[in-house]
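Only one structure is covered here, and it is reproduced in the block below.
Just so it is clear, the model here is predicted, and its values are computed rather than measured. Per chain, numbering begins at 1; letters A, B, ... match sequence-line order.
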Amino acid sequence: MNHETDKFWQKAAKDLARRLGHAPLTPEEAQREFDSLPDAQLPDNEIDSIIDQVTSGELTVWTPTPTEDDAPGFDCEAIDEDVLQLNRNEGQADAETDALLNELRRTALEDGQANGREDATGMGGDAEPPAKGG
Amino acid sequence: MADHGSTICDSDIALMMAMRDKEGLRLLVKRYGGRLKAFLYKRFRSVLQEGELAEALNVTFYNAWRFADRYTEGSGTLASWCIRIAQNAAKDILKREMRYRAKNLEYDSTYDPADPRDEDDAAPGEESDDPRVEYLRQAIQKLPTLQKAIIEADLAGGGLADAGRLAAIHGTSKNSIYVSRIKAHETLKRQVEQFSRQPAGKRR
């Protein structure tokens with residue numbers, strides 16, 4: 001980061017932290033904060049767990065886990081067979097994948113015929129079949 | 001108070017804990033545990049994970065227990081002292097700062113677990129009424145997800161949040177965290193400069 005950006009951020013971060021309530025609380029601010037919170041007791045098992053950890057000094061350190069927010073979830077079941085045949089290694093024979101590949105070719109040809117784009121060679125007008133992928 | 005029926009005052013609870021009486025700790029947890037947990041959730045739920053919030057609550061009581069002899073009524077009520085310890089505990093987790101759990105602090109008679117951690121931390125004080133601060137707050141909301149998460153963690157932690165922790169949460173590398181942070185700072189600086197150049201009446 002260049003010096004100017006660094007200086008800018010250091011100043012801005014302090015102002016922002018105050019605005020967002022992240023500056024260290026004074027005793028008076030902490031008291032106001034405390035008074036504004038709902039008064040509820042923790043469940044007995046949680047109280048016991050805290051007391052055990054605190055008095056033994058053996059605190060559980062939580063290991064952060066990935067969130068799902070960054071990778072929007074989608075149903076991959078519908079495409080996993082296609083991914084399988086696209087990603088097989090060169091020279092790798094697999095009867096199931098070959099059958100699927102043939103089925104996909106056949107479906108693609110039928111689609112072409114249904115759309116009135118019938119092709120006698122079945123290769124969409126190409127002289128040669130598609131080359132091996134790299 | 002949540003421990004309905006107990007007549008033991010706060011200074012006696014602190015004294016009991018200083019004497020290593022577990023009953024003092026139990027009273028403190030019963031009396032203030034709910035509100036301390038609520039405080040942590042209110043202030044840090046957006047930047048800490050569920051397990052980390054529980055860790056922060058445990059660390060709060062751990063430090064109140066260890067340093068109960070440092071509590072004085074002159075520095076506020078026991079409740080406000082604990083709130084400030086809780087704030088520090090949450091910030092330590094964001095920065096993965098473990099030195100505040102070190103055993104040798106118990107031999108430092110001046111150490112108070114409720115005191116602000118670093119000189120870099122924003123000192124308590126008046127909120128700025130500079131319109132650029134509000135503009136900046138809005139600009140952060142528009143950053144890409146990872147950049148926004150880094151900046152929010154930095155602000156909540158009062159410094160640079162731990163890159164390893166952020167990388168684990170967001171499924172990326174530490175290097176990517178460093179680069180994203182720099183990009184975010186540059187974007188924010190550029191946007192604030194553009195905002196500042198606009199005539200006051202035309203600012204949006």
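- Between chain A and the residues B/E134, B/R190, B/R20, the largest count of heavy-atom pairs under 4.5 Å involves B/E134.
- Between B/Y32 and A/F34, the ring planes lie perpendicular to each other; the angle is over 60°, past the 30° to 60° tilted range.
- Proximity to chain B is limited to the backbone of A/T60, based on heavy atoms less than 4.5 angstrom apart.
- For B/L188, the parts lying under 4.5 angstrom from a heavy atom of chain A are both the backbone and the side chain.
- A/L37 and B/R35 get closest at one heavy-atom pair: CD1-O, 3.2 Å.
- Contact check for B/R84 versus A/P24: no side-chain heavy atoms found under the 4.5 Å cut-off.
- When every heavy atom of A/S36 is checked against every heavy atom of B/K42, the shortest pair comes out as OG-NZ, 3.8 Å.
- Heavy-atom pairs under 4.5 Å with chain A were tallied for B/K183, B/R165, B/R43; the largest tally goes to B/R43.
- The minimum heavy-atom distance between A/V61 and B/R96, with the atom names listed, is CG1-NH1, 3.3 Å.
- With a threshold of 4.5 angstrom between heavy atoms, B/K22 approaches chain A through side-chain atoms but not through N, CA, C or O.
- Heavy atoms of B/V59 lying under 4.5 Å from chain A belong to its backbone as well as its side chain.
- Looking at B/I140 and A/L16, their side chains come closer than 4.5 Å, going by heavy atoms from C-beta outward.
- Counting heavy-atom pairs under 4.5 Å between each of A/T63, A/I50, A/D48 and chain B puts A/I50 at the top.
- When the side chain to side chain donor-acceptor pair (under 3.5 Å) test is applied to B/R70, no partner is found at least two apart in sequence or on another chain.
- B/N58 places none of its side-chain heavy atoms less than 4.5 Å from the side chain of A/W62.
- A/E33 places no side-chain N or O within 3.5 Å of a backbone atom of B/I83 that could act as its donor or acceptor partner.
- No part of B/E50 comes within reach of chain A, as not one of its non-hydrogen atoms sits under 4.5 angstrom from that chain.
- Here the rule is side-chain contact (heavy atoms from CB on, under 4.5 Å) with B/F61, and of A/T55, A/V54, A/L59 only A/V54 fits it.
- B/K37 places no side-chain N or O within 3.5 Å of a backbone atom of A/A40 that could act as its donor or acceptor partner.
- Only the side chain of A/E46 comes within less than 4.5 Å of a heavy atom in chain B; its backbone stays farther off.
- By the neighbour-count criterion of 12 heavy atoms within 6.0 Å, atom CD of B/Q141 is densely surrounded, having more than that number from other residues, nucleotides or ligands.
- For the pair B/L94/A/H22, no side-chain contact is recorded, criterion being any heavy-atom separation below 4.5 Å from C-beta on.
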Please test A/D15 against B/L136 for side-chain contact (heavy atoms from CB on, under 4.5 Å), starting from the C-alpha separation and ending with a verdict. CA-CA 10 Å; A/D15 288 342; B/L136 194 56; over 6 Å; no
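- Using modelled atom types, no side-chain atom of A/Q31 and backbone atom of B/G76 make a donor-acceptor pair closer than 3.5 Å.
- Considering NZ of A/K14 and CG of B/L155, their distance stands at 12.5 Å, rounded to 0.5 Å.
- What you find for A/A30 and B/S80 is that their closest heavy atoms are CB-O, 3.5 Å.
- To the nearest 0.5 angstrom, A/E29 atom CD is 9.0 Å from B/Q87 atom CD.
- The heavy-atom pair separating B/Q49 from A/T65 by the smallest distance is NE2-O, 2.7 Å.
- The side chain to side chain donor-acceptor pair (under 3.5 Å) test applied to A/R32 returns no partner, not counting sequence neighbours.
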